[in-house]
Each structure stands twice: as structure tokens, then as C-alpha cells.
Amino acid sequence: MSLRGDVAFNVDWARTLTDPQAFAHEQRCLGYAWTFLGFTGDVAKDGDWFRASLATRSVFVQRFGSELKGFENVCAHRFYPLRTGDRGNGPIVCNFHHWRYDKDGSAIGIPKCQENFGTVSRALGAHLTPIEIATCGTLVFGRFTAPGRREPLEDFLGPGFPILEFLSRPDRKPLALSHALEANWKLGLQISFDDYHTVAVHPTTFGKSGYLDREKLTYARFGAHSALINSNRPQVFEEMSVACADGSFRPTCYCILQILPHFVLALFRTDGDNFSCCIQQFAPVAPDRTLFRAWLYPAPVPAEGPWSARLWRRLSDPVRGRFVLHYSRRVMREDNRICEGVQTVAHQIERPPYLAVLEERIGWFEQSYRQLVAEGEVFLRDKRQNASS
Ligand code: FES
Ligand SMILES: [Fe+2]
């Protein structure tokens with residue numbers, strides 16, 4: 001028997017979909033969990049930076065030599081955002097009054113500091129709010145700082161770490177797309193876990209051949225996260241993780257990994273033995289608004305077979321990419337329509353859902369989500385206690 005909706009969900013689970021206060025609290029708590037922010041390729045050179053959103057708060061990540069540092073994107077002086085573009089290169093200098101910061105976020109160059117503040121820049125002790133940064137392959141993750149020993153990214157991702165590390169190294173620049181989803185981020189995530197809607201919502205693509213057979217699928221749960229693999233071979237997920245770690249992994253079937261809070265990596269066959277990857281992110285903006293971003297690229301595995309097949313794959317990759325983009329857009333549009341439909345009645349949801357066997361991972365997601373929020377509440381409480389003592 002799979003997980004029941006009324007076991008996984010609280011009665012008031014949908015409050016954060018409509019209530020700004022509940023949403024803000026949820027986001028404040030989830031910011032303590034490792035969250036995907038962007039790609040190392042955007043901070044390849046010394047001084048490169050990119051702006052991102054961590055649990056709705058504007059942050060930026062910057063390279064200083066071999067180190068990646070992250071800060072909330074708010075000047076310590078009078079709160080102007082330090083980074084007003086999506087990416088760039090250069091020192092941290094605020095455009096409001098030209099305060100300058102070093103790699104630790106300390107204000108080290110304050111114009112006319114002695115005259116205006118009665119001391120020298122360093123003595124004022126003003127600094128940016130740092131965030132913790134870690135990487136997995138080309139993926140950059142961040143989280144709010146908290147006292148005490150905390151789970152490193154590798155432990156948080158568990159057996160998913162080698163898979164993400166292996167599959168997140170595209171051979172060519174990914175095709176990127178983004179759009180505003182007029183629905184809560186959790187609705188976007190839920191539909192990505194839902195293997196029951198394909199016939200009704202994607203009749204010309206995923207649902208064309210009818211309903212999936214749960215007996216032929218593997219659902220793997222690892223830490224807060226989960227995966228679907230379109231194979232029922234025992235240990236298929238564990239084997240995939242080991243093969244990715246030693247570099248021998250070669251895809252043979254569809255799989256999708258959902259990493260909490262809102263990162264998704266799908267691996268799917270396009271034609272013949274060719275597979276593509278799709279990274280997706282559902283970045284929360286407001287209770288009823290989400291920034292959806294996706295990146296598509298050929299699966300980073302060596303082409304096998306005779307030289308002619310390898311050459312053909314190389315030549316056809318750009319065309320394949322356009323084709324994949326076209327179909328991905330269609331599938332995403334179909335999913336968005338459903339999410340936005342549910343959002344219009346979210347204020348009327350006052351009980352848990354019924355969960356089909358093919359929706360079991362939605363229940364897992366809700367359980368892990370509640371756990372992450374509860375952990376965040378502890379960090380938040382400790383932080384408030386430290387601040388008041
Ligand atoms: S607000 Fe940044 S220098 Fe004044
Ligand atoms: Fe879908």
C-alpha cells in the first residue's frame with residue numbers, strides 16, 4: 001500500500017499557497033536547506049558574480065580566486081541592492097554611496113568615513129550578510145548560515161550527489177528558458193512528482209501510450225529527496241549512483257530526480273541511444289507566483305558505436321536540442337495550465353488530497369518538506385535567541 005494523502009499531509013497544508021505570512025515563514029525556514037542557485041560557469045573567472053534568489057531573498061555569488069562566496073544582495077549602509085543585473089564581473093561596490101566590500105563582506109572602503117562616521121572604515125564593523133556556498137559538479141548551492149555543525153551538501157544529497165555531479169557537466173552550452181508561473185512553487189513540484197496525470201494532460205507526448213505501470217517503475221527515496229526510474233531492476237538507483245561516481249554510467253531509460261526544496265533533473269531519451277538532460281528550478285516568488293527556469297542539454301556521456309554514429313550525434317545535437325526545446329515547452333505549458341488552475345481554487349483547499357499509487361512521491365515530498373520547515377524553525381529560533389541574548 002502506498003503512502004496515503006491524509007498521512008503525508010496536514011489538513012491545512014495549502015495555507016502557504018495563499019497566505020502571505022505563512023508563505024514568508026515557510027520560506028524563511030527553507031532558506032536553511034541547501035538550495036540550487038546557479039552554475040559554476042557563471043562564476044568561472046576571478047571577480048565573476050551572478051545574482052540569484054534564496055528562499056525569495058536576493059543573494060549573489062562571487063568568485064574570489066579559488067573561492068566562491070555568497071552574500072545577501074543588500075548593502076549594509078542603507079540597503080541598496082549591490083547587484084542589480086543578473087551577472088557580471090567586478091568588485092563589490094554599492095552604487096548608492098560607493099561603499100566597497102572585501103571578499104569576507106566587510107565594508108573596507110567607505111567614502112569620507114572619518115568625517116561622516118567618526119572612524120575608519122574597518123573600525124565601523126559594517127558587513128554584508130554571508131550565505132554558505134557549496135558546489136556539486138557545475139551546480140552552485142547556497143543556504144543561510146546557522147551556528148553549530150550542519151549537514152554538508154554531499155550528505156544532504158546522499159546518493160544523488162554523484163548523479164548530479166556526473167550529469168551536470170554539459171558538453172555544450174545548455175538551452176535556457178524561463179517563465180513566470182502564476183501558481184505556488186509546490187504545485188509546480190507536485191506535478192513533477194505526479195506520474196498519474198500524463199494521459200489527461202500530455203496526450204500527445206508522455207501520455208500517448210497510456211498509463212504508466214507502477215510495477216515497472218522504481219521509486220527511490222534518499223534523504224529528503226526522491227527519484228523515479230523507468231525500470232524495475234532491483235537496486236537500479238543505487239547502481240546508477242555508483243556508476244555515476246566512477247564515470248561508467250550510460251543511460252538506458254527515463255529517470256527524474258527531485259531535490260528539495262525545488263530542484264529537478266530529468267534524463268530522457270530523444271532518439272535512438274541519444275539522451276538529453278533537463279534541469280528545472282521552481283523558485284518561489286510569492287504565494288501564487290513562481291519563477292520557473294529550465295536548462296536543456298545533451299546528456300554528458302560519450303557517444304558510443306562506430307565513428308559514423310558518433311559523428312552523426314555530434315552534427316545532429318543542435319537540431320536535436322531545438323526539437324527537445326519545442327516539446328519541452330509544450331509539456332511545460334500543459335503542466336503550467338494545471339498548476340495555475342489549482343491555484344485559482346487554492347483558498348478552498350481544506351483537506352489532504354487523495355494520493356494514487358502513481359502519486360506516492362508527492363506524499364514523500366510533503367513529509368520531507370515539513371521536516372525541512374521544522375528544522376528551519378529550530379535554526380530561526382536559535383538565531384533569535386542569540387540575537388536577544
Ligand atoms: S546604500 Fe550602499 S553605500 Fe549607501
Ligand atoms: Fe506533466
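In each ligand, atom 1 is the first atom listed, and ligand 1 is the first ligand listed.
Our summary of the site lists the angle at the Fe ion (ligand 2) between NE2 of His197 and NE2 of His202 as 100°, to the nearest 10 degrees.
You'll find the ring centres of Phe39 and Trp295 inside the 6.0 Å limit. Aromatic pair Tyr254/Phe268: centroids not less than 6.0 angstrom apart. A distance below 6.0 Å separates the ring centres of His225 and Phe222.
Between Pro152 and Asp155 there is a side-chain heavy-atom pair separated by less than 4.5 Å.
Taking 2.8 Å as the threshold, His77 counts as a candidate ligand of atom 4 (Fe) of ligand 1, since one of its N, O or S atoms lies below it. Put simply, Cys75 gets within reach of atom 2 (Fe) of ligand 1, with an N, O or S atom under 2.8 Å from it.
The atoms of ligand 1 that sit less than 4.0 Å from any heavy atom of Cys94 are 1 (S), 2 (Fe), 3 (S). Within the listing of ligand 1, atoms 3 (S) sit less than 4.0 angstrom from a heavy atom of Trp99.
The protein heavy atom nearest to atom 1 (S) of ligand 1 is Arg78 N, 3.3 Å.
Within His97, the N, O or S atom at minimum distance from atom 4 (Fe) of ligand 1 carries the name ND1. When the N, O or S atoms of Asp335 are ranked by distance to the Fe ion (ligand 2), OD1 comes first.
How far CZ of Phe79 is from CD of Glu72: 12.0 Å, rounded to the nearest 0.5 Å.
Hydrophobic clustering of Ile, Leu, Val, Met, Phe, Trp and Tyr side chains at less than 4.5 Å, counting indirect connections, keeps Phe292 apart from Leu37.
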